[in-house]
Amino acid sequence: MPELPEVETSRRGIAPHIEGKTFKAVVIRQPRLRWPVPDSLMTTLPGLKLDSVERRGKYLLLKTRQGTLILHLGMSGNLRITTPEQAPGKHDHVDFIFDDNTLLRLNDQRKFGAVLWSSDPVDRHPLLATLGPEPLSDAFNGDYLLQRAGKRSLPVKSLLMDSHIVVGVGNIYASESLFMAGILPTRPAGEISLREYLRLAEAVKTVLRMAIDKGGTTLRDFTDAQGKPGYFQQALRVYGRVDQPCLTCAEPVQQIKIGQRASYFCSVCQR
DNA sequence: AGAGGTACCTGGCAGC
DNA sequence: TGCTGCCAGGTACCTC
């Protein structure tokens, strides 16, 4: 799925088309996503003005004065700006139609995504309240990582992918950031030095910023709001490159499983 | 508290 | 061709 750069690409793609417009109708073709899509959206949303499209971690927040529509793209979700004349495809589960007939369409083959409504302040929603800091904020830095790692024994890659530690870093960018920082993904989080965590925090920021600049990574089906793929996959240094030469030292890139997820690294460049 | 595994779902691919 | 098993960008929830 969409990790932070892909969600941010979606946000930037949809925002200019829908901000300031008023919801006219909601069509729910498939309510069985990660959690049931609430029926009440069909009566609650029409007539509400969308003030802004924001992002918290991998959640998109469509804010109105009366509450916030929370969208999550799961592993395979996509948002598309289109029109009601465009017939829905197989996995087009929910449509949001605005007063000028602009249509925001959620497609999600694997149905791990979510569409929820929060009438309370959205940062207090149970899914958002316990999230870690944004990786591109000053709150995320080497000192913070060292403090959160404590004496924990879990692999540093798993720490980085825990949204309660830091949001937005998924399986691709965890491998890429650890490569850039020169740290083995298997190292116990509690045994990593401040110096290394300072490097790691900077690497995470750099990798995410570069990926956002390229419109995200498209491995199979991620596209932006206009249906175009991202281009960061061309810049991946280790992810998906098992047995291919390391771009720094030519040693073959290795693949192992960490917490059931494929993890890629160079055993020479990362220590 | 922390670590590890399972579950949700669809579809593509390798291997037999 | 068809079956089986495995894999995929996430993450809440369960058990130990």
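As the structure is a computational prediction, the values presented were derived from the model and not from experiment.
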Subject >> Residue-level proximity of residues 151-164 of chain A to DNA chain B when a heavy atom falls under 4.0 Å >> reply: A:Arg152, A:Ser153, A:Leu154
Taking only N and O in the side chain of [X], is any of them less than 4.0 Å away from OP1 or OP2 of [N]?
| X | N | value |
| --- | --- | --- |
| A:His72 | C:dT11 | yes |
| A:Lys90 | B:dC9 | no |
| A:Gln260 | B:dG5 | yes |

Original post:
Do any of residues 105-114 of chain A sit with a heavy atom less than 4.0 Å from DNA chain C, and if so which?
Top reply: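 When residues 105-114 of chain A is checked for heavy atoms under 4.0 Å from DNA chain C, the hits, listed by number, are A:Arg110, A:Phe112.
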Subject >> Contact residues, residues 117-126 of chain A to DNA chain C [heavy atom, < 4.0 Å] >> reply: none
Subject >> A:Gln86 vs A:Arg80, side chain to side chain contact (heavy atoms under 4.5 Å, CB included): CA-CA, chis, key distance, verdict >> reply: CA-CA 11 Å; A:Gln86 289 298 313; A:Arg80 193 85 184 259; over 6 Å; no
Give me the atom names and distance for the closest heavy-atom approach of [X] to [Y].
| X | Y | result |
| --- | --- | --- |
| A:Val238 | A:Ser175 | CG2-O, 3.7 Å |
| A:Gly216 | A:Pro5 | CA-CB, 4.3 Å |
| A:Cys246 | A:Cys269 | SG-SG, 3.7 Å |
| A:Ser267 | A:Phe265 | N-CD1, 3.9 Å |

Rounded interatomic separation in angstrom, taking [atom1] from [X] and [atom2] from [N]:
| X | N | atom1 | atom2 | answer |
| --- | --- | --- | --- | --- |
| A:Leu73 | C:dA8 | CG | C1' | 16 Å |
| A:Arg261 | C:dT11 | CZ | C1' | 9 Å |
| A:Arg32 | B:dC8 | CZ | C1' | 10 Å |
| A:Arg34 | B:dC9 | CZ | P | 11 Å |
| A:Ile172 | C:dA8 | CD1 | C1' | 10 Å |
| A:Asp221 | B:dC9 | CG | C1' | 13 Å |
| A:Arg148 | B:dA3 | CZ | P | 12 Å |
| A:His93 | B:dT10 | NE2 | C1' | 9 Å |

In plain terms, say whether [X] and [Y] are close enough for a salt bridge, that is, a side-chain N and a carboxylate O under 4.0 Å apart.
| X | Y | value |
| --- | --- | --- |
| A:Arg187 | A:Glu196 | yes |
| A:Asp95 | A:Arg105 | yes |
| A:Lys49 | A:Asp51 | yes |

Subject >> Modelled atom types, side-chain donor and acceptor of A:Thr9 and A:Asp224, under 3.5 Å >> reply: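 The answer is no; no qualifying pair exists.
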Original post:
What distance, rounded to whole Å, do you find between the two P atoms, one in C:dG5 and one in B:dT6?
Top reply: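 To the nearest whole Å, 16 Å.
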**OP:** Provide the distance between the two P atoms, one in B:dG5 and one in C:dC6, to the nearest whole Å.
**Re:** 16 Å
Subject >> Enclosure of A:Asp143 CG (heavy-atom neighbours >12, cutoff 6.0 Å) >> reply: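 Correct, the count exceeds 12.
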Subject >> Over 12 foreign heavy atoms within 6.0 Å of NZ, A:Lys205 >> reply: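 Yes, the 6.0 Å shell around NZ holds more than 12 heavy atoms from other groups.
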Original post:
Which residues pass the salt bridge (Lys or Arg N to Asp or Glu O under 4.0 Å) test with A:Lys63, sequence neighbours left out?
Top reply: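 By the salt bridge (Lys or Arg N to Asp or Glu O under 4.0 Å) rule, A:Lys63 matches A:Glu54.
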Subject >> Touch class at under 4.0 angstrom, heavy-atom based, for A:Phe232 against every strand present >> reply: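 Since no nucleic acid heavy atom lies under 4.0 Å of A:Phe232, the category is nothing.
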Original post:
Side-chain heavy atoms under 4.5 angstrom apart, residues restricted to Ile, Leu, Val, Met, Phe, Trp, Tyr: same cluster for A:Met161 and A:Leu184?
Top reply: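 A:Met161 and A:Leu184: separate clusters.
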Subject >> Strand DNA chain C as a dot-bracket string - pairs counted if Watson-Crick or G-U with both distances under 3.5 Å, | where the partner lies in another strand >> reply: .|||||||.|||||||
Original post:
Tell me the salt bridge (Lys or Arg N to Asp or Glu O under 4.0 Å) pairs involving residues 7-19 of chain A, sequence neighbours left out?
Top reply: A:Glu8-A:Arg11, A:Glu8-A:Arg12, A:Glu8-A:Arg55
Subject >> Plane angle bin for A:His72 and A:Tyr59 - parallel if under 30°, tilted between 30 and 60°, otherwise perpendicular >> reply: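 Perpendicular, since the angle between the ring planes exceeds 60°.
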**OP:** Please determine, for the side chain of A:Lys257, which listed nucleotide (B:dT10, C:dT11, C:dC7) has the closest atom?
**Re:** C:dC7
